[in-house]
Amino acid sequence: MSSTVQRAGQQPADAPDPAQYRPGRTVTDWDPEDPVFWRATGRKVANRNLWIAVPALLVGFVVWQVWSVTATNLKDVGFGLSTSQLFWLTAIPGLTGGTARIFYTFLGPRIGQRRFTALSTIVLVVPLLWLGIAIQDTSTPYVVLAAIAALCGFGGANFSSSLANIGFFFPKKEKGNATGINGGLGNLGVSVVQLLTPILITSSVLAVGSAQHKADGTAVYLQNAAFVWIPVIVLLAAISWFGQNDLKVASTPFSRQKVIFRRKHTWLMTWLYVGTFGSFIGFAAALPLLIKTTFPDYSVATYAWMGPALGALARWAGGWIADKLGGARVTLLSFAGMAVSIVGVITFLPSGGDGGSFWGFFACFLAAFLFSGIGNGSTFRQIPVIFRARALKGLTEGTAAHDQALKQAEMESGAVTGFTAAIAAYGFFFIPAMFANFAVTSAMWGFVAFYLSCLAVTWWYYARRGAEYPS
């Protein structure tokens with residue numbers, strides 16, 4: 001009998017070591033497209049990494065958006081800031097978050113899901129600690145508040161690394177759902193911070209430090225909005241470090257990833273994702289102050305969190321629906337819905353002697369959040385489909401060239417996912433900045449025109465009969 005025959009109970013010499021799939025390890029053998037591997041090992045490992053990534057990303061969004069609610073309380077406790085300055089404080093995290101996302105896109109897969117998630121989460125302690133201290137003193141200079149807001153932006157940067165990394169864990173048929181879960185539930189951090197902050201700042205039990213007082217004598221503890229999240233961040237960083245995995249297949253040097261900048265569809269999909277996610281995050285940042293300044297009789301705490309929550313959950317649904325119906329069709333629906341919704345918002349704004357209609361304004365904004373969330377999920381489903389089709393064009397399945405092209409498409413899809421998310425994050429900056437510098441109605445009409453351009457791009461390149469890459 002040949003000496004190469006496998007003995008009973010032994011693995012083949014080239015079989016992967018099962019120990020590599022345990023929490024905290026680096027995985028060197030990973031093929032989610034192999035149905036046997038996926039059923040036996042891959043699904044369990046991928047889901048463990050996904051469900052650790054989700055709360056870490058959610059808290060990153062909490063830090064990114066903490067100023068959107070905190071800023072609405074500063075004048076009430078004695079900070080001498082103008083409305084324009086308050087809008088700028090909500091906008092600055094978008095500028096730094098978008099810029100940091102560009103670097104996180106390429107660093108995340110290079111360093112690994114486990115290590116990068118843990119490190120990018122624990123550093124968020126710094127801006128929260130500084131915010132909690134500075135906000136207790138109304139003489140804190142505006143430039144210091146702006147610096148803290150800039151550091152909070154790094155919470156939003158985690159999105160690009162998280163989405164780029166998680167995509168490598170799942171097979172093509174489940175990527176839309178997986179990124180929808182990760183992005184959608186992570187996006188819920190926006191509504192979590194807007195819902196909980198008004199409650200947290202009134203709790204003396206949770207307070208560390210002195211109270212601030214409103215004009216009517218009511219005591220509040222604005223520092224709670226920052227301090228409460230610090231132990232949560234430390235815990236999630238530890239869970240990520242010990243519970244996730246690094247994928248060797250995802251570790252790609254920038255010299256190979258930079259090829260995406262030569263792909264036309266990188267820039268087209270970036271344009272579309274600016275329209276969906278850029279709108280979602282920008283409206284989420286601006287809505288609390290927009291309600292307070294436009295409809296001051298209505299409570300920011302009661303209403304502001306609802307839109308981001310609806311948009312975040314719709315993202316999950318958008319990814320799932322796009323897996324069934326096709327991403328381009330769902331993206332078309334998204335932009336048409338957003339355009340109509342913003343026209344509705346304009347209709348119900350105060351104008352001249354007319355006080356407008358808050359309920360009409362709010363209902364249309366909820367619709368805009370709903371359609372932006374759906375579009376967030378569908379555009380991220382389109383990216384791997386487009387880049388897979390581009391890479392495999394003209395190749396025969398089963399050949400070495402075909403297999404290599406698949407790996408290249410996977411790498412490019414991850415990089416494009418992160419890069420589009422980085423650029424779209426600037427919506428967090430530009431939308432509040434536009435409200436700070438232009439009339440609300442003028443800014444809204446600008447958004448409608450942009451959505452119409454996104455409709456045209458989606459239809460021409462991805463949705464019409466004979467489109468370059470139907471997706």
Side-chain angles (χ1 to χ4, degrees), residues 47 50-65 68-69 155-156 158-159 162-163 166-167 170 174-197 199 272-273 275-288 291 300-325 327 329-338 340-342 344-345 362-382 417 421 424-425 427-428 431:
N47 284 332
L50 172 63
W51 289 108
I52 292 175
V54 165
L57 183 56
L58 185 149
V59 174
F61 269 81
V62 166
V63 177
W64 198 24
Q65 282 278 349
S68 68
V69 183
N158 292 359
F159 183 86
S162 186
L163 266 289
I166 285 297
F170 287 85
E174 297 188 31
K175 285 186 189 294
N177 187 49
T179 56
I181 291 172
N182 192 29
L185 298 186
N187 288 172
L188 274 177
V190 179
S191 54
V192 166
V193 72
Q194 293 182 348
L195 175 63
L196 293 185
T197 298
I199 300 171
L272 299 184
Y273 197 60
T276 58
F277 181 78
S279 297
F280 166 81
I281 200 66
F283 290 150
L287 186 58
I291 292 174
V300 170
T302 302
Y303 300 107
W305 64 275
M306 295 182 185
L310 183 60
L313 294 174
R315 179 181 190 129
W316 188 354
W320 181 82
I321 296 170
D323 279 339
K324 306 297 181 183
L325 302 180
R329 293 177 182 176
V330 180
T331 301
L332 278 176
L333 171 66
S334 167
F335 284 120
M338 290 169 68
V340 172
S341 299
I342 296 303
V345 169
F362 186 62
C364 290
F365 243 123
L366 288 180
F369 275 109
L370 172 68
F371 286 112
S372 70
I374 291 172
N376 286 339
S378 63
T379 49
F380 264 19
R381 191 269 184 183
Q382 286 182 259
T417 296
F428 188 158
I431 289 180

Report task. Might you work through the side-chain contact (heavy atoms from CB on, under 4.5 Å) test for L287 and F369, ending with a clear yes or no? Result -> CA-CA 11 Å; L287 186 58; F369 275 109; 3.8 Å; yes
Query raised in the report: Do the non-hydrogen side-chain atoms of F362 and M306 ever get within less than 4.5 Å of each other?
Result: yes
Report task. Assign the ring pair F61 / F277 to parallel, tilted or perpendicular, where the plane angle (0 to 90°) is split at 30° and 60°. Result -> perpendicular
Query raised in the report: Going from OH on Y273 to OG on S279, what distance comes out if it is rounded to the nearest 0.5 angstrom?
Result: 11.0 Å
Query raised in the report: With a 4.5 Å limit on heavy-atom distance, are the side chains of F283 and V345 in contact?
Result: no
Requested in this report: Of all the heavy-atom pairs spanning A368 and I342, show the shortest one and how long it is.
Outcome: CB-CD1, 3.9 Å
Query raised in the report: What are the two closest non-hydrogen atoms of S341 and F371, and how far apart are they?
Result: OG-CD1, 3.8 Å
Query - Distance, nearest 0.5 Å, that separates CH2 of W320 from CD1 of I374 - result: 12.5 Å
Requested in this report: Output yes when a side-chain donor or acceptor of N158 lies under 3.5 Å from a complementary backbone atom of L57, and no otherwise.
Outcome: no
Requested in this report: Answer yes or no: is there a side-chain heavy-atom contact under 4.5 Å between V190 and W305?
Outcome: no
Report summary line: Nearest heavy-atom contact between N182 and S162 is ND2-OG, 3.0 Å
Query raised in the report: Looking only at atom types and distance, does a side-chain atom of T197 sit under 3.5 Å from a main-chain N or O of Q194, one as donor and one as acceptor?
Result: no
Report task. Go through the steps for F170 and L50 under the test side-chain contact (heavy atoms from CB on, under 4.5 Å), then give the verdict. Result -> CA-CA 10 Å; F170 287 85; L50 172 63; 3.9 Å; yes
Query raised in the report: Would you call W51 and V54 a side-chain contact if the rule is heavy atoms closer than 4.5 Å?
Result: yes
Report summary line: When every non-hydrogen atom of G327 is compared with those of S378, the smallest separation belongs to O-CB, 3.6 Å
Report summary line: Note: I281 and F428 closest approach over all heavy atoms is CG2-N, 3.5 Å
Report task. Can you measure from NZ (K324) to CZ (R329) and round to the nearest 0.5 angstrom? Result -> 14.5 Å
Query raised in the report: Going through the distances and angles, do L188 and L313 end up as a side-chain contact (heavy atoms from CB on, under 4.5 Å)?
Result: CA-CA 8 Å; L188 274 177; L313 294 174; 4.1 Å; yes
**Report entry** M338 CE to T276 OG1 distance, which is reported to the nearest 0.5 Å
**Finding:** 6.5 Å
Requested in this report: Indicate yes or no for a side-chain donor-acceptor contact from S334 to the backbone of V330 under 3.5 Å, with no hydrogens or angles considered.
Outcome: no
Query raised in the report: Do T379 side-chain atoms and G375 backbone N/O form a donor-acceptor pair below 3.5 Å?
Result: yes
Requested in this report: Heavy atoms only: give me the nearest P308-A304 pair and the separation to one decimal.
Outcome: CD-O, 3.1 Å
Query raised in the report: Do F159 and N187 have side chains that get closer than 4.5 Å, going by heavy atoms?
Result: yes
